[in-house]
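Below is one structure; the comments refer to it alone.
Chain letters run A, B, ... following the sequence lines, proteins first, then strands; residues in each count from 1. Note that this is a predicted model, so its numbers are computed, not measured.
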Protein chains: 8
Amino acid sequence: MEVELTVYLSGEIHTQWREQIADGVDEFDLPVDLTGPVEDHSASDDCGTTILGHEDNPFWKDHKGAKLNAIRNRTLMGEADLVVIRFGEDYRQWNAAFDAGYAAALGTPYVVMHAKEHTHALKEVDAAALAVCETPEQVVAILRYVTRGELMRPSPSLSLVR
Amino acid sequence: MEVELTVYLSGEIHTQWREQIADGVDEFDLPVDLTGPVEDHSASDDCGTTILGHEDNPFWKDHKGAKLNAIRNRTLMGEADLVVIRFGEDYRQWNAAFDAGYAAALGTPYVVMHAKEHTHALKEVDAAALAVCETPEQVVAILRYVTRGELMRPSPSLSLVR
Amino acid sequence: MEVELTVYLSGEIHTQWREQIADGVDEFDLPVDLTGPVEDHSASDDCGTTILGHEDNPFWKDHKGAKLNAIRNRTLMGEADLVVIRFGEDYRQWNAAFDAGYAAALGTPYVVMHAKEHTHALKEVDAAALAVCETPEQVVAILRYVTRGELMRPSPSLSLVR
Amino acid sequence: MEVELTVYLSGEIHTQWREQIADGVDEFDLPVDLTGPVEDHSASDDCGTTILGHEDNPFWKDHKGAKLNAIRNRTLMGEADLVVIRFGEDYRQWNAAFDAGYAAALGTPYVVMHAKEHTHALKEVDAAALAVCETPEQVVAILRYVTRGELMRPSPSLSLVR
Amino acid sequence: MEVELTVYLSGEIHTQWREQIADGVDEFDLPVDLTGPVEDHSASDDCGTTILGHEDNPFWKDHKGAKLNAIRNRTLMGEADLVVIRFGEDYRQWNAAFDAGYAAALGTPYVVMHAKEHTHALKEVDAAALAVCETPEQVVAILRYVTRGELMRPSPSLSLVR
Amino acid sequence: MEVELTVYLSGEIHTQWREQIADGVDEFDLPVDLTGPVEDHSASDDCGTTILGHEDNPFWKDHKGAKLNAIRNRTLMGEADLVVIRFGEDYRQWNAAFDAGYAAALGTPYVVMHAKEHTHALKEVDAAALAVCETPEQVVAILRYVTRGELMRPSPSLSLVR
Amino acid sequence: MEVELTVYLSGEIHTQWREQIADGVDEFDLPVDLTGPVEDHSASDDCGTTILGHEDNPFWKDHKGAKLNAIRNRTLMGEADLVVIRFGEDYRQWNAAFDAGYAAALGTPYVVMHAKEHTHALKEVDAAALAVCETPEQVVAILRYVTRGELMRPSPSLSLVR
Amino acid sequence: MEVELTVYLSGEIHTQWREQIADGVDEFDLPVDLTGPVEDHSASDDCGTTILGHEDNPFWKDHKGAKLNAIRNRTLMGEADLVVIRFGEDYRQWNAAFDAGYAAALGTPYVVMHAKEHTHALKEVDAAALAVCETPEQVVAILRYVTRGELMRPSPSLSLVR
């Protein structure tokens, strides 16, 4: 028996990790619906002032934009069976940690993906996760196992997401 | 990836704002289901006594009617991913503010649409909203951005809903 | 816009009131799914001991049966948008009042149907209802109004359910 | 270690069962707070119209009164660790069954007290209870055991509450 | 047995209705804790910019202030056993209706106090209330009945709150 | 009217009881979706280290594996209308009892299936169940009755699951 | 700043582990309230039939008793900030695993205490715990750290609970 | 009327901001209980392995420690009326953002304190906050206003927390 999963992909938007997971889902034809935030960075930053009107103060520009994005993201988080949260190398990505806390309080299972060097800084985020991994291939292996019970060993040589 | 939204349109029933939003949803073929209260004003006022029996006291007539309408409206509020709440010019529309408080307590995101002159009087309602705007075209722009990530600039000259 | 409703019909099982409501739903082709308990009285009484084994003590026979019926009824109550609860003339029907309290605590809207003579005894049950009526035709009128906004006046001469 | 309990005594108000339980709680000095509805029958019936204004229609008189009583009773039900529900001999007491359903949906444990002859009619109410008994002395024994772990055998000859 | 109540007094802040209720609570020595919003109108309006910094745009001034007030008011609403909501004569008081909807969604009982002339406009707010009245003396009578079961008839000649 | 049920089959994975229930569901063409954990024992044990990396300490191997399985199992438990929990003869199966407690706290109805000899040791688990039985045929009879109201008597000579 | 904790001690009742934890709490004067089930084994087994009446069938004797104990235990579980669950050597203790699942679904943190040999069998129970340990001294160290931030190293030579 | 608040101080532990807030609370004798995580950095890092046993792998050391700290922190977050979250200059402090998301999902109001330079990176965290400020003096002003309605203007020259 297959399990259908709706999976929200949260966090870093500067690398191709979402596409790599989507490719894996396609390759194995997994019963998984992938969702996520708007990935067009400038649209995501500008949406508030473009639609709701100009702001001189950057704080209010960000405020309006973050709230419009929240309409989408809270809806999708609420519908997700599983959240996958990626912490990248180059930014602080507090929004990713925010999503982890949000999922934890909702009782929604989540998986964290980050490089080993952030283990200590992310210990609270990792401690509430149901899995901690480093590569999209591992996420695909998790999705395959969880939905079908099929076990595969991710390539140890797979380069990390950069 | 598109996000499907169910959107409850609450509040003022004397202008065409719901139709304007529906037209925008059609124009861009957005994956949005619009719901709302019964808009036939006299049916909405008379439903209680027509179905459940005459009342001499207007209070009980209103009471019966408001409760029948609540069967519909609470169900739709409970199913909505987003509530859009319109405050018009000419009435007190306490029911619209009631719906805002109801949505806030449920944790359902809502957007408020009202003229600038009501900013101070609506500050508590606006403070709990995820967006505050003035025109149906802005609501359509929000729905388009939230569901598809497509950003458009609403016409600044668009006349307000009257 | 139509509203789809799932409606659980609770209470008295000795008259044809469920069929009368179902006929009305069919006549107006309302977008309503009707659900309800097992109506085969002897199956409902005997299910526990037939499936799970004989009991000498009638208390445990009833206990086993009531719990099996609860598997069905709690599931359906949990899925209902609206509960309609019928109190008949001839029995105490504590289970109907139990369902009213259960719906009230869940926040699920309910409608009560009973003869006027029980008004005082049912005052707590009625006070938490969104409508109180006497005939299946009134329930059909409620369902039609709530789902479609179409208002009709139930026949005042309609004989009560007996 | 003692367990402190807040216990709401719901249902029949024409016999002395609440006093009998209170006497037992006093006798054994149990760490139990007993709460319950207003027991002055005429005040309970008249409160709505006395405070909020006259009604010609008995339905609305009862409606106003039942809602005022609900302010008290829902608050106390919400605070209770345990609800004890008494079904008497002479009335339909749908409000008692309503409270049972309400407690069940809240997940609040409840105990039912009724004569054996009502076993079949109360099977749904009993099935969701954590204990079913016949006498106030049994309720006292339950409270003593639950709070202190002290086990006593209620008198088999204790006359039922009449 | 007395019932202790925590009662949040929401709404209009231009008349002395809160003091009148407090006087009644004192007079009868009722076991009632009264809470409410900050009643210093200018402090309530200015708190956001005074503490968090100046805003040129009145919208953001109101926004900051309304959110600071929300820290207090949501906490008190969450702790209240009962909310009393006053609609005055001279303002739209959407915040009062917002609080009514908020209480309704939380399942917290509320009482509405307003003049008869607003019956139709407030029908949705009234329909979800457990009592609708006109004078502080009626509120005191409700609190006395609910906490002590003592019934008193408010003076019919009591002037309305102005 | 048929009731559709999603049923999670929890517990023992060394006998064919899930297949026996599935066969019964097929035989009567019941509107039942059966779900359950991954039944491949070695995959279930090894999934954590295979996907997420080797562990020297068996505790962490088990920890990683149990958490990956929890992604699947919590999702399915959350979606289930009914949980059927099987305790076998040969293992302690604390995970089955864990699932029972989990279902109880969620308010999800569950049925327990175990041999009579474990009655005393399983009394807390049984006490919160809506049915306790011994054979898959009884589970099928429950599912048939709950979904269709059709009552059948399971064979008394049916050998127990071994 | 000290943190006050209410801690429910669940599980095995044949060894002195609760006393050992209580002694540690006393020794360090920790701001901890310890609660737990009735530990008088025969009272716990017999309470149902002693208070509620004899049963011939051991299943119903256990059923009545387990439900009376549930009145106490669910109340205490609901009030606990932390649950400590002890699995002993000699019994199956499914009730301990039931409590773990119950706490997990409530979102109440729990700590498991068991010998290393049960690591594999308890992996699902351990995976949802916030700590897994072997001795009462470790539990005391956890309580001291959590309430006061004082860190101490439990004796490695402390004999296990037997 | 004063409002009592329990306030959890989350985030950065390398500067004296908690003491500065505590001093302000003392100065004005505010009815505020301040709580927070264990601030002894090395105890916080080592608690898991010290109490529960050595780990070779730093990941598991962090894992055990973060979970022990979570026992304290989740309890305090659950009891807080308000959370104040400080983001410092020098670390990524994903745990602070995690707490913000956790509070947001629980519906607990929170205030964020950070330097202006992090406005863009913290926009999602700020957007769900009820106030965003830079200095402990502002937090004290918020606590004073919320609890007493007394408005004071924080010193604009107050140096930021470093």
Would you say the side-chain atoms of D:Thr147 pair up with the backbone N or O of D:Leu143, donor to acceptor, closer than 3.5 Å? yes
Looking at C:Thr15, is its backbone amide N or carbonyl O close enough to the side chain of C:Glu12 to form a donor-acceptor pair, meaning the two atoms are under 3.5 Å apart?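 Yes, the answer is positive, given that a donor and an acceptor are paired below the 3.5 Å cut-off.
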Could you report the tightest heavy-atom contact between [X] and [Y], atom names first, then the distance?
{"X": "C:Glu124", "Y": "C:Ala121", "answer": "OE1-O, 4.2 Å"}
{"X": "D:Gly11", "Y": "D:Gln93", "answer": "C-NE2, 4.3 Å"}
{"X": "D:Ala100", "Y": "D:Tyr110", "answer": "O-CE2, 3.5 Å"}
{"X": "D:Arg18", "Y": "D:Leu9", "answer": "NH2-O, 2.8 Å"}

Is the number of heavy atoms from other residues, nucleotides or ligands under 6.0 Å of C:Glu4 CD greater than 12? no
C:Arg86 vs C:Ser10, side-chain contact (heavy atoms from CB on, under 4.5 Å): CA-CA, chis, key distance, verdict: CA-CA 6 Å; C:Arg86 161 81 187 153; C:Ser10 165; over 6 Å; no
Contacting moiety of D:Asp99, where chain C heavy atoms sit under 4.5 Å: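 The answer is neither part of D:Asp99.
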If we only count heavy atoms from C-beta on, is the C:Phe87 to C:Val125 side-chain gap below 4.5 Å? yes
Heavy-atom pairs under 4.5 Å with chain C: which of D:Asp45, D:Leu106, D:Leu122 has the most? D:Leu122
Mind checking the CD-NE2 spacing from C:Glu117 to C:His114? Nearest 0.5 Å is all I need.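 Reported to 0.5 Å precision, the distance equals 10.0 Å.
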Could you tell me which residues in residues 57-85 of chain C have at least one non-hydrogen atom under 4.5 Å from a non-hydrogen atom of chain D, sorted by residue number?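 If one takes a 4.5 Å heavy-atom cut-off, the residues of residues 57-85 of chain C near chain D are C:Phe59, C:Asp62, C:His63, C:Ala66, C:Lys67, C:Arg74.
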Non-hydrogen contacts under 4.5 angstrom with chain D: give the residues of residues 27-39 of chain C involved, or none if there are none. none
